[in-house]
Amino acid sequence: MTLLEHLDELRFRLVRCCIAVGIGFLACYGFAEQLFGYLVAPLLAVMPETSTLIFTELPEAFFTYLKISIVAGMFLTSPYIFYQIWAFIAPGLYDEEKKYIIPMAGVSALFFASGACFGYFIVFPFAFDFFMSFNNETIQAMPKLGEYLGFSLKLLIAFGLIFEMPLFAFFGARIGILTAAAMRKARKVAVLCFFIVAAILTPPDVISQLLMAGPLLLLYEVSIYVAKIFGRSAKAGGQDEDENDEQEETA
């Protein structure tokens, strides 16, 4: 394929993804109020009785429901969206590798949803309880609706994306562009990058950064083992190379 053909293919896939998100948005907008209730439940569980969510702009609540519906539609149609992403990559794969496209799309959506659930059920309660601990007689918590929405949705999407790491390691190892040895060598650089990414995606506090950087580090180690088990090098004598790299790293 020429460059223009690749760009045309990209446009075709993006249009399909946008249409899918639009359909998901229409399906979820009728439940926007219930979805909002689920989204703020972790905060309301630890919020003092004297505190409440507020909005300071007239259309803020309306746009909040719109944004929640769009993100919910994106999660709802994520299997189809991930299929379009993998289908865009498919022309560069061998025939034996193309058979993984549909399973990879389904597993990608599952991992994406799992990451969001981890953020919602594990990170949110701990983080919100920490933030609300500063509430006292002098300082009353009155979270702004739009700011809470941006904070929570950004974390949900971020955790969904970082849970894709083992899957991309599997795919990269299968097509031979990623090896466990290379990932081990790049571990120190990866740790630094993870904390930089966590600092960018989370609020400027240490707790939130650690809550995101910790799973990133764990998933990176899992990805190394995934690449070692499913990589092509494991079949072509790459195991000896990995052992040598481990001995050099230990030395």
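Just so you know, residue 1 is the first one in the sequence shown, and it goes up from there. Only a predicted model underlies this, so the values are computations on that prediction, with no experimental measurement involved. Keep in mind that the numbers below use all heavy atoms, side chains included, and drop hydrogens, waters and symmetry copies.
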Residues 128-137, side-chain donor-acceptor partners within the protein, below 3.5 Å, at least two apart:
from, atom 1, to, atom 2, distance (Å)
S133, OG, F130, O, 2.4
N135, OD1, A141, N, 2.6
N136, OD1, T138, N, 2.8
N136, OD1, I139, N, 2.6

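In this structure, I19 is not a member of the same hydrophobic cluster as I85, with clusters built from ILVMFWY side-chain heavy atoms closer than 4.5 Å. Hydrophobic clustering keeps L218 apart from F170 (ILVMFWY residues linked when any side-chain heavy atoms are closer than 4.5 Å, directly or through intermediates). In this structure, I122 is a member of the same hydrophobic cluster as F126, with clusters built from ILVMFWY side-chain heavy atoms closer than 4.5 Å. A chain of hydrophobic side-chain contacts below 4.5 Å, direct or via other Ile, Leu, Val, Met, Phe, Trp or Tyr residues, connects L210 to L156. When the side chains of ILVMFWY residues are joined at heavy-atom separations under 4.5 Å, either directly or via intervening members, Y225 and L167 end up in two distinct hydrophobic clusters.
Residues meeting the ring-ring contact (aromatic ring centres under 6.0 Å, His included) test with F75, sequence neighbours left out: F112. Scored by the side chain to side chain donor-acceptor pair (under 3.5 Å) test, D8 finds R11 as partners (sequence neighbours excluded).
Rounding to the nearest 0.5 Å gives a distance of 9.5 Å between CZ of F118 and CE of M212. Once rounded to the nearest 0.5 Å, the distance linking CG of L153 with CE of M74 reads 8.5 Å. Distance check, rounded to the nearest 0.5 Å: CD of E221 to CZ of R187 gives 4.5 Å. With values rounded to the nearest 0.5 angstrom, Y29 atom OH is found 5.5 Å from L66 atom CG. T77 OG1 to I23 CD1: the interatomic distance, rounded to the nearest 0.5 Å, is 8.5 Å.
For the pairing with F168, the ring-ring contact (aromatic ring centres under 6.0 Å, His included) check across Y220, W86, F111, F163 returns one residue only, W86.
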Query raised in the report: What do the steps show when you test M165 against V222 for side-chain contact (heavy atoms from CB on, under 4.5 Å), and what is the final call?
Result: CA-CA 9 Å; M165 190 186 304; V222 172; over 6 Å; no

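Y120 places a side-chain N or O within donor-acceptor distance of the main-chain N or O of Y38, the cut-off being under 3.5 Å. A donor-acceptor pair is defined here as one N or O able to donate and one able to accept, closer than 3.5 Å; no such pair exists between the side chain of S51 and the backbone of M47. Looking only at distances, a side-chain donor or acceptor of E60 sits under 3.5 Å from a matching main-chain atom of G146.
Around the NZ atom of K144, the shell of radius 6.0 Å holds more than 12 heavy atoms that belong to other residues, nucleotides or ligands.
Side-chain atoms of Y80 and Q84 form a donor-acceptor pair, as typed in the model, at a separation below 3.5 Å.
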